[in-house]
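No experiment lies behind these values; they were computed from the predicted model shown. Numbers here are sequence positions counted from 1.
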Amino acid sequence: MGLRGKGAGLVALAVVLIAPACATTPPREIAFHPGSTSGLLVVVHPGSAYRYAADFRRVDLGARRFVGDAVSMSSREGRINGGGPVQLTAREVETGDYALVGLFTARGAAQAGGCLSEAAPVFPIRAGAITVVRADQFWRQALGAANVADVPDATVLAALGDARLAPAEVATPSAVVEWERPTSGWTRDCADASVITPIQSSIR
């Protein structure tokens with residue numbers, strides 16, 4: 001089974017055993033305004049009983065390297081909507097360019113996921129702006145239409161409006177990066193700066 005998304009290459013999914021998923025946390029409101037010096041990253045996860053996570057790393061496109069710590073966006077943490085066809089999570093982050101480096105899902109004791117090291121989309125995060133990343137579209141292509149609903153952008157933006165996070169637009173990648181991984185085995189450290197070096201970036 002593979003994982004492919006807008007601006008992302010084929011990624012193998014692995015399955016391992018983990019501890020059972022935690023209970024869903026209630027939705028929360030986020031105070032965010034256009035005058036903020038940080039940006040708001042909103043990740044759209046599939047609306048199912050599975051737990052989803054999208055891992056990001058800030059990237060210096062000029063130096064071709066990852067900078068800063070990983071930003072993991074879980075559908076069970078920082079959730080801002082109470083239900084519906086998608087799960088929305090939000091976090092204020094430092095401005096810059098962020099690569100979507102890995103996607104993971106879990107239900108019960110089974111976990112699956114993969115690294116987007118062959119072609120990871122990069123999204124710019126700007127001060128006072130809301131950046132919406134459709135991680136659910138990656139999962140739809142990986143798991144099939146029968147498992148992940150095709151939710152229109154308008155539905156996602158309406159849910160953001162209900163959470164008082166409007167206006168917002170769905171982001172498109174500004175670049176694509178790839179890097180060599182030391183191993184093809186299972187890992188959540190998709191872009192560990194100490195062992196992985198970006199080798200190419202391209203604007204699309």
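Using a 4.5 Å cut-off on side-chain heavy atoms (C-beta onward), Val177 and Val101 make no contact. Between Val93 and Phe56 the shortest side-chain heavy-atom distance does not fall below 4.5 Å. Counting heavy atoms from C-beta outward, Tyr98 and Val133 have side chains that stay 4.5 Å or more apart. When side chains are defined from C-beta on, Arg134 counts as touching Val151, because their heavy atoms get closer than 4.5 Å. Taking 4.5 Å as the limit, every side-chain heavy atom of Leu100 sits out of range of all side-chain heavy atoms of Pro173. Side-chain contact between Thr95 and Thr37 is absent, with no heavy-atom pair separated by less than 4.5 Å. Counting heavy atoms from C-beta outward, Cys190 and Asp55 have side chains that stay 4.5 Å or more apart.
Across Asp153 and Gln137, no two heavy atoms sit closer than the pair OD1-NE2, 4.2 Å. Arg91 and Val71 make their closest contact through NH1-CG1, 3.5 Å (heavy atoms, listed as atom of the first residue, atom of the second, distance). Between Pro85 and Thr155 the shortest heavy-atom distance is CG-CG2, 3.9 Å. Residue Pro124 comes nearest to Thr131 through the heavy atom pair O-OG1, 3.3 Å, listed as atom of the first residue, atom of the second, then distance. Nearest heavy atom pair, residue Val42 against residue Ala90, reads CG2-CB, 4.0 Å. Summarising the geometry of Glu92 relative to Ser36, their closest heavy-atom pair is OE1-OG, 3.6 Å, with the distance given to 0.1 Å.
Here the straight-line distance linking atom CZ of Phe123 with atom OG of Ser174 works out to 8.5 Å at 0.5 Å rounding. Distance check: Arg51 CZ to Glu77 CD gives 8.5 Å after rounding to the nearest 0.5 Å. The CD1 atom of Ile125 lies 11.0 Å from the CD1 atom of Ile130; values are rounded to the nearest 0.5 Å. Note that CG of Leu103 is 12.5 Å distant from CE of Met73, once rounded to the nearest 0.5 Å. Rounding to the nearest 0.5 angstrom, the gap separating the NE2 atom in His45 from the CZ atom in Arg79 is 9.5 Å. Asp60 contributes atom CG, which lies 5.5 Å from atom CZ of Arg65 (distance to the nearest 0.5 angstrom).
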Criterion side chain to side chain contact (heavy atoms under 4.5 Å, CB included) on Val43 and Tyr52, from CA distance to verdict
CA-CA 10 Å; Val43 176; Tyr52 292 91; over 6 Å; no
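No donor-acceptor pair under 3.5 Å is formed between the side chain of Glu178 and the backbone N or O of Ser117.
Between Tyr50 and Trp139, the ring centre distance reaches or exceeds 6.0 Å.
The pair Asp97-Arg57 does not count as a salt bridge, with every side-chain nitrogen at least 4.0 angstrom from each carboxylate oxygen.
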